[in-house]
Amino acid sequence: MNGPHVIIMQTAAEVADAAAALIDEWIDQDLRDTPDTHVALAGGSTPAATYRAAVTKRRDWDGVHMWLGDERLVAPDHADANVAMIRRELVGPAGVPEGQFHIPDTGMQVDAAAEAYGARITRALPEGPHHIPRFSIVILGVGEDAHIASLFPNAPALAAATVCVGVWDAPKPPPERISLSLPVINAASRRLIIATGAAKSPAVRAALGEPDPASPASMLEPANTTMIVDRAAAQSIS
Ligand code: 6PG
C-alpha cells in the first residue's frame, strides 16, 4: 500500500518553512479555480512555527476560510484554546478578517458544540463524495500516541460518522473537546501532517503502518496525505 508522501527536513525550522510553502502553493492552486477555499487548522504547539512562516510567505488571504480541526472546550481566550494560538500566530498577523475565521462555540455542552460546528461546516463547504463536506486542506499535528486532532487511540470518536464529534475523556488534557471526524478528515482534498522531535518518532512510524485504531494517524487516507517531519521525528523510519 502506498503510504503518505513523507518529506524529511533537517530541522524543525525547515519543517515549518516547507509546510508553509506547501500550504501557500495549495491555496494558490485552489484559488485559481474557486473564489473560496476552506482549510482546517491544527491545534497544539507544533503548527505555530508553520503558521508564523505562512504569514511571511503569503500576503493575500482573500478567499481563505480557516476552521479548527479540533478545539478544547475552554473559553476562546483560555491559554489552552487552539483558537488563541491560531489567532496569535496566524489570523492576527496575517490580517485574516473575522468573517473568514470560523471558530466553534465552546460555551456549549460537548455534543451540542460538535453538532453546531458540524452544521456550520456542512453549510459552508462544498460537498464531496457521499455528501461529506470537503476541506481543501486539513492540517494536523500528531500526538506521541499517534492521535490526530482529538481522535485518540481506540476512542469511540474514531467510529463517528458525523461531521464533527464530541470527546469527553481525552487522555490529553483538557478532556472535553470537539474534533473533525475521520471521514471528514479523509474526505479532504489534501492532508498535511507536521511532526518534529524524537518523541514523535514512534507515532510517525505508526502513521506509515497498517490502519489500526490504536494509532489513529495510521487511519488517514494515504493518497493526498503529506507528512513533513524533521530528522528527529523520522529516526524510526528508514
Ligand atoms: C490538540 C491538537 C492535537 C495536537 C497533538 C500534537 O488540540 O491537542 O489538535 O491533536 O495536534 O496533540 O500536539 P503538539 O503539536 O503540541 O505536540
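Heavy atoms only: backbone and side chains are in, while hydrogens, waters and symmetry mates are out. We count ligands from 1, going down the list as the structure has it; atoms in each ligand are counted the same way. What you are looking at is a predicted structure, and each value in this text was computed from that prediction instead of being measured.
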For ligand 1, the portion of E144 having any non-hydrogen atom under 4.0 Å away: neither
T46 and ligand 1 - part of the residue with a heavy-atom distance under 4.0 Å: both
Backbone or side-chain N or O of S150 under 3.5 Å from ligand 1 N or O: no
Distance filter under 4.0 Å to R72 heavy atoms, resulting ligand 1 atoms: 1 (C), 7 (O), 8 (O)
Residue and atom name of the nearest protein heavy atom (relative to atom 6 (C) of ligand 1), distance in Å to one decimal: V142 O, 3.4 Å
Side-chain donor-acceptor pair present, D70, S179, cut-off under 3.5 Å: no
Heteroatom distance test (A149, ligand 1): nitrogen or oxygen, under 3.5 angstrom: yes
Pair F101 + W67: ring centers closer than 6.0 Å: no
E71, portion touching ligand 1 at heavy-atom distance under 4.0 Å: neither
Interatomic spacing from OG1 in T37 to CD in Q100 - rounded to 0.5 Å: 11.0 Å
Residue part near ligand 1, for A42, under 4.0 Å between non-hydrogen atoms: neither
Under-4.0 Å heavy-atom contact with ligand 1, by part of L140 that carries it: neither
